[in-house]
Engineer: 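Submitted below is the structure of interest, expressed as structure tokens.
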Amino acid sequence: MPRPGLLALLVLALLGLARAAVELDGMDYEEEEEEEVQRPTRSRHNKGAASSNSLKVNKPPEAAEEKQSLVSFSLEHALSDGIFTPCGTFTAKVTHSNVVQAVRITELRLTRDPLSADTEKQLVKLLEYEQYYRVRVPSNVLGTSKGRYVMASLPLKCLVNADLNENYVLHLDDLGNIVALDYTTPSGECIMEETAPPAEWGFHPLAYARLPKDAPRLNPDMSAAGAPPPPPPRTKNVP
């Protein structure tokens with residue numbers, strides 16, 4: 001049977017071991033807790049750094065902008081002396097696009113200048129001798145072709161029989177060049193009947209702008225009539 005003194009020593013030893021184990025366990029728990037507190041901080045830092053390096057902001061493409069401006073250019077005519085002089089003013093709205101290098105002409109108007117007494121006398125001479133009334137416009141509405149013109153003419157007798165009503169059709173390309181000028185009466189007819197000079201000389205113009213259009217592509221496999229070509233004839237192999 002063990003002695004009471006040995007039992008007391010044994011109990012004290014066991015209590016010391018238990019206390020040491022509890023202290024060690026607490027230290028491990030605090031270290032793990034510190035690591036758990038620090039880990040999210042490191043992960044958040046790394047995540048933020050990664051996102052800042054990989055984040056790319058795609059800027060939206062610039063919207064197509066169109067700039068509009070007003071232009072004006074002169075109409076000139078030649079009378080019995082053959083010299084071209086200003087007789088009116090065209091005005092139009094020009095739209096510039098920043099997507100393609102092109103302009104669009106709209107709202108074309110023509111205002112005729114009042115006719116002087118000398119101009120009316122020369123018009124009477126043209127009518128008596130059945131001469132042509134000639135007009136011209138600059139070859140570019142933006143003023144980039146100084147000294148170059150597009151001309152058209154019409155027998156003055158046609159205009160007098162049409163009560164001096166006249167039509168101007170300007171055919172333009174994408175750069176504002178006038179590639180052709182149509183000068184006609186409103187009906188397109190030219191009546192050459194004998195007529196006296198009008199009591200009052202005054203032109204009544206109408207102006208139009210015609211812009212280019214892309215033609216549809218043709219199918220090379222289609223014939224002129226619109227049907228596909230017939231298949232090639234069969235050949236028999238002669239032995």
Side-chain angles (χ1 to χ4, degrees), residues 70-94 103-216 224:
L70 297 177
V71 296
S72 62
F73 52 98
S74 296
L75 171 72
E76 298 181 358
H77 65 181
L79 303 175
S80 58
D81 56 5
I83 300 174
F84 280 95
T85 56
C87 63
T89 303
F90 284 96
T91 58
K93 181 182 293 185
V94 181
V103 297
R104 186 170 68 251
I105 308 297
T106 56
E107 301 181 16
L108 183 66
R109 301 286 186 272
L110 171 60
T111 304
R112 278 282 204 161
D113 297 336
L115 300 177
S116 63
D118 181 65
T119 299
E120 292 183 358
K121 291 179 181 179
Q122 294 193 55
L123 288 173
V124 171
K125 289 183 180 180
L126 286 179
L127 183 62
E128 290 177 353
Y129 291 101
E130 298 185 354
Q131 296 295 313
Y132 279 79
Y133 179 67
R134 294 181 295 164
V135 294
R136 72 180 186 181
V137 293
S139 61
N140 188 283
V141 300
L142 303 179
T144 60
S145 59
K146 295 182 179 180
R148 290 181 291 179
Y149 299 89
V150 179
M151 188 178 68
S153 62
L154 194 64
L156 184 58
K157 187 178 290 187
C158 293
L159 292 171
V160 174
N161 284 321
D163 297 327
L164 298 178
N165 292 307
E166 54 183 359
N167 280 12
Y168 294 83
V169 180
L170 277 59
H171 300 268
L172 301 112
D173 63 9
D174 292 332
L175 300 178
N177 295 311
I178 301 176
V179 297
L181 170 63
D182 293 340
Y183 182 47
T184 62
T185 61
S187 64
E189 298 179 354
C190 182
I191 300 175
M192 294 294 292
E193 296 178 357
E194 293 295 329
T195 182
E200 295 183 0
W201 287 91
F203 291 92
H204 312 290
L206 288 176
Y208 306 92
R210 293 288 181 266
L211 304 177
K213 295 182 179 180
D214 294 332

Engineer: Do you know the tightest heavy-atom contact between Leu108 and Ala92?
Structural biologist: CD1-CB, 3.8 Å
Engineer: Would you check, one step at a time, whether the test side-chain contact (heavy atoms from CB on, under 4.5 Å) holds for His77 with Thr85?
Structural biologist: CA-CA 6 Å; His77 65 181; Thr85 56; 3.5 Å; yes
Engineer: Measure the OH-OG distance between Tyr129 and Ser80 for me, rounded to the nearest 0.5 Å.
Structural biologist: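 Answer rounded to 0.5 Å: 9.5 Å.
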Engineer: Would you please test Tyr168 and Tyr183 for ring pair (Phe, Tyr, Trp, His ring centres under 6.0 Å) and show each step?
Structural biologist: CA-CA 5 Å; Tyr168 294 83; Tyr183 182 47; 4.8 Å; yes
Engineer: Looking at Glu193 and Lys157, is any side-chain nitrogen of the basic one under 4.0 Å from a carboxylate oxygen of the acidic one?
Structural biologist: no
Engineer: Between His204 (side chain) and Gly202 (backbone), is there a donor-acceptor pair under 3.5 Å?
Structural biologist: yes
Engineer: State, with a plain yes or no, whether a side-chain heavy atom of Gln131 is found less than 4.5 Å away from one of Leu156.
Structural biologist: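 No. Closest side-chain heavy atoms not under 4.5 Å.
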Engineer: Taking the side chain as every heavy atom from C-beta outward, state whether Leu206 and Pro186 have any pair of such atoms under 4.5 Å apart.
Structural biologist: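 Answer no - side chains too far apart.
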Engineer: To the nearest 0.5 Å, tell me how far Leu175 CG sits from Asn140 CG.
Structural biologist: 8.0 Å
Engineer: Using every non-hydrogen atom in the two residues, find where Asn165 and Leu159 come nearest and quote the distance to one decimal.
Structural biologist: O-CD2, 4.0 Å
Engineer: Rounded to the nearest 0.5 Å, what separation is found between the CZ atom of Arg134 and the CG atom of Leu154?
Structural biologist: 13.5 Å
Engineer: So, do Leu70 and Thr91 sit near enough that their side-chain heavy atoms are less than 4.5 Å apart?
Structural biologist: no
Engineer: Give the minimum heavy-atom separation between Pro138 and Ser74, together with the two atoms involved.
Structural biologist: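 Shortest heavy-atom contact: CD-O, 3.4 Å.
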Engineer: Would you check if Val141 and Ile178 make a side-chain contact, meaning some heavy-atom pair closer than 4.5 Å?
Structural biologist: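 A side-chain contact under 4.5 Å exists here.
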Engineer: Calculate, to the nearest 0.5 Å, the distance between atoms CG and CZ belonging to Leu75 and Phe90 respectively.
Structural biologist: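 Leu75 CG to Phe90 CZ: 5.0 Å, rounded to 0.5 Å.
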Engineer: Which heavy atom in Ser153 sits nearest to a heavy atom in Tyr132, and how many Å separate them?
Structural biologist: OG-CD2, 3.7 Å
Engineer: Taking Asn177 for its side chain and Val179 for its backbone only, find out whether a donor-acceptor pair lies under 3.5 Å.
Structural biologist: no
Engineer: Closest approach of Glu189 and Thr185, non-hydrogen atoms and distance?
Structural biologist: O-OG1, 2.6 Å
Engineer: If we only count heavy atoms from C-beta on, is the Glu166 to Val135 side-chain gap below 4.5 Å?
Structural biologist: no
Engineer: Can Asp182 and Tyr208 be said to form a side-chain contact (heavy atoms from CB on, under 4.5 Å), step by step?
Structural biologist: CA-CA 10 Å; Asp182 293 340; Tyr208 306 92; over 6 Å; no
Engineer: How close do Pro198 and Val160 get, counting heavy atoms only, and between which atoms?
Structural biologist: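 Heavy-atom minimum between the residues: CD-CG1, 4.1 Å.
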Engineer: Between CG of Leu115 and NZ of Lys121, what distance do you get to the nearest 0.5 Å?
Structural biologist: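 Interatomic distance, Leu115 CG to Lys121 NZ, rounded to 0.5 Å: 14.0 Å.
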Engineer: Atom CD1 in Ile105, atom CG in Leu170: separation rounded to 0.5 Å?
Structural biologist: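 Result: 9.5 Å between the selected atoms.
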Engineer: May I ask you to test the Cys158-Met192 pair for a side-chain heavy-atom distance under 4.5 Å?
Structural biologist: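 Contact flag for Cys158/Met192 side chains = yes.
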Engineer: Any side-chain heavy atom of Met151 sitting closer than 4.5 Å to one from Glu76?
Structural biologist: no
